[in-house]
2 protein chains.
Amino acid sequence: MAQEQANSVGTAMAILDIAERLVQQRGFNGFSYADVSAELGITRASLHYHFAGKAQLGEALISRYATRFAASLTDIDTLAAPPIGKLRSYCEIYRGVLAEHRMCLCGMLAAEFDTLPGAVRQAVINFFDQNQAWLSAFLERSSEAGALRLVGPPDRAARTVIAALEGAMLVSRPYGDTAVLDSVTDRIIEEFSA
Amino acid sequence: MAQEQANSVGTAMAILDIAERLVQQRGFNGFSYADVSAELGITRASLHYHFAGKAQLGEALISRYATRFAASLTDIDTLAAPPIGKLRSYCEIYRGVLAEHRMCLCGMLAAEFDTLPGAVRQAVINFFDQNQAWLSAFLERSSEAGALRLVGPPDRAARTVIAALEGAMLVSRPYGDTAVLDSVTDRIIEEFSA
DNA sequence: GTCTATAACGAGATAGAC
DNA sequence: GTCTATCTCGTTATAGAC
């Protein structure tokens, strides 16, 4: 039974892996169950066993993505590095995604926001709120410790950094490289360096 | 005959107006000929008379958008204002779009890039190249005149500004306001102020 | 859990009348 | 230019066998 469950979970995970990449590269309206089916080698009907509909699949996608992202942020928190180094690590999360020719999952969904199922919309908002809350707290803490130059309120700075990184990923896509994102990252680091 | 041509051009323009808004709000993969048809009150077949296929419609969309955008840039050039004021006017182009609950047309298409017809892809790249070329030249010129503080090469600065503005529009969408874009605009103005 | 079969609908596109 | 009619295909989803 443990094995059967493991297979089920394994299949669900494999579906999420493929769907996640497809959404990041093609958008929520740019992929179908047929795409996942062909790549995974099981029928569309079987996909519906694991995820009843595209909306539920979308929710599961963001849920797992947000959990992973939060884990990455916790990793940064526990890093033995100065705040500027941690800020660079934060930027490198985005770089790793773009290097795989992917858009940030929730950045992509933000573009398609008006067409998304209600539950998926809320999950996108929650992701950005969570992301901003962490970055804002990090910037404030680091600034108070004198390890980072922060002008203006931390939540405003956090929103600006997130916007710049998401936008850098977006405009990088047509060119197929990370040049713009690297430029933006350098500027962010300079901006917060004392 | 002049009247007939005027009607034809009028219909084509009306189609472009509706399709442009739909793409900016829902994405290229998030709208259909049926949507335009319903809103304009003519059949899908009639739409195909004016634009043979979705790919051609997409090309026409970007072509008109790029022309209008270029005209806005020329307007800024001829403005009787200091460079910082012109830079603010540039940012306000983006704000006007977002205020109508729209994404930048080419920002939206950049997200969907992998799924676009080849000709549309190239048009998106051309738009960003044109946009960057203007902004880069403007920043360099203004900096040399001492009216603007520019650190690093102008093309790098131009790409960063565009990325920040596009990203600000993107992450603003789920929240339905212009708060993030306004914050980003303020930061850009501060950054280039002497 | 996965399959075959099929339903039900929507999308892009074309032919040909008016 | 716009229409009706039709075609073909893709997409989401369900029923029921194995």
Side-chain angles (χ1 to χ4, degrees), chain A residues 1-23 25-61 109 112 114-121, chain B residues 1-23 25-61 109 112 114-121:
Chain A
M1 195 187 82
Q3 186 58 35
E4 283 163 23
Q5 190 184 38
N7 285 342
S8 172
V9 171
T11 301
M13 277 295 176
I15 293 169
L16 289 173
D17 287 341
I18 293 168
E20 184 179 79
R21 180 179 49 73
L22 287 170
V23 173
Q25 291 177 336
R26 304 177 53 88
F28 193 75
N29 296 322
F31 91 104
S32 72
Y33 269 40
D35 296 323
V36 180
S37 165
E39 194 164 328
L40 188 56
I42 69 174
T43 61
R44 281 158 290 160
S46 295
L47 297 181
H48 281 284
Y49 170 81
H50 295 282
F51 301 98
K54 216 181 170 187
Q56 289 90 333
L57 175 56
E59 289 179 66
L61 236 31
L109 295 175
E112 300 176 294
D114 287 3
T115 70
L116 300 178
V120 177
R121 285 192 202 187
Chain B
M1 195 188 85
Q3 186 60 36
E4 282 162 25
Q5 190 184 37
N7 286 341
S8 174
V9 170
T11 301
M13 278 295 176
I15 293 168
L16 289 173
D17 287 342
I18 294 169
E20 184 178 81
R21 181 178 50 73
L22 287 171
V23 174
Q25 292 178 335
R26 306 177 51 89
F28 193 74
N29 296 323
F31 90 103
S32 71
Y33 269 40
D35 296 324
V36 180
S37 164
E39 195 165 327
L40 188 56
I42 68 174
T43 61
R44 280 158 290 159
S46 296
L47 297 181
H48 281 283
Y49 169 82
H50 296 280
F51 301 97
K54 215 182 171 186
Q56 291 89 332
L57 176 56
E59 288 180 65
L61 236 30
L109 295 175
E112 299 176 293
D114 287 3
T115 71
L116 298 178
V120 177
R121 284 192 204 188

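Throughout, a chain's letter reflects where its sequence line sits, starting with A, and its residues are numbered from 1.
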Under the salt bridge (Lys or Arg N to Asp or Glu O under 4.0 Å) test, which residues partner [X], sequence neighbours left out?
X: A/Glu59; value: none
X: B/Asp35; value: none
X: A/Arg21; value: A/Glu39

The helix from C/dG1-D/dC18 to C/dC18-D/dG1: angle between its terminal axes, five pairs each, to 10°?
->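 Nearest ten degrees gives 0° for this helix.
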
Do the side-chain N or O atoms of [X] get closer than 4.0 angstrom to the phosphate oxygens (OP1, OP2) of [N]?
X: A/Thr43; N: C/dT4; value: no
X: B/Tyr49; N: D/dG1; value: yes
X: A/Thr11; N: C/dT2; value: yes
X: B/Ser46; N: D/dG1; value: no

Sort me out a list of protein N/O and nucleotides 12-15 of chain C N/O pairs below 3.5 Å, or just none if empty.
residue : atom : partner : partner atom : Å
C/dG12  : OP1  : B/Lys54 : NZ           : 3.0
C/dG12  : OP2  : B/Tyr33 : N            : 3.1
C/dA13  : OP2  : B/Lys54 : N            : 3.0
C/dA13  : N7   : B/His48 : NE2          : 3.4

Find the distance between CZ (B/Phe31) and CG (A/Asp114) and round it off to the nearest 0.5 Å.
->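 Going from the CZ atom of B/Phe31 to the CG atom of A/Asp114 covers 14.5 Å.
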
d([atom1], [X]; [atom2], [N]) in whole Å:
X: B/Leu22; N: C/dA11; atom1: CG; atom2: P; value: 12 Å
X: B/Phe51; N: D/dT2; atom1: CZ; atom2: P; value: 12 Å
X: A/Ile15; N: C/dG1; atom1: CD1; atom2: P; value: 11 Å
X: A/Ile42; N: C/dT4; atom1: CD1; atom2: P; value: 12 Å
X: A/Leu47; N: D/dT12; atom1: CG; atom2: P; value: 10 Å

Sequence neighbours left out, what passes ring-ring contact (aromatic ring centres under 6.0 Å, His included) with A/Phe51? Give chain and number order.
->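 With sequence neighbours excluded, A/Phe51 shows a ring-ring contact (aromatic ring centres under 6.0 Å, His included) to no residue whatsoever.
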
A/His50: what forms a side chain to side chain contact (heavy atoms under 4.5 Å, CB included) with it, not counting sequence neighbours?
->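 A/His50 satisfies side chain to side chain contact (heavy atoms under 4.5 Å, CB included) with A/Ser8, A/Thr11, A/Ala12, A/Ile15 only.
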
Of all residues at least two apart in sequence or in a different chain, which pass the side chain to side chain contact (heavy atoms under 4.5 Å, CB included) check with B/Ala45?
->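 Partners of B/Ala45 under the side chain to side chain contact (heavy atoms under 4.5 Å, CB included) test: B/Thr43.
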
A/Lys54 to A/Tyr33 - nearest heavy-atom pair and separation =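 Closest heavy-atom pair between A/Lys54 and A/Tyr33: N-OH, 3.6 Å.
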
Who passes side chain to side chain donor-acceptor pair (under 3.5 Å) against A/Thr115, sequence neighbours left out?
->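 Once residues adjacent in sequence are excluded, the partners of A/Thr115 under the side chain to side chain donor-acceptor pair (under 3.5 Å) criterion are A/Asn29.
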
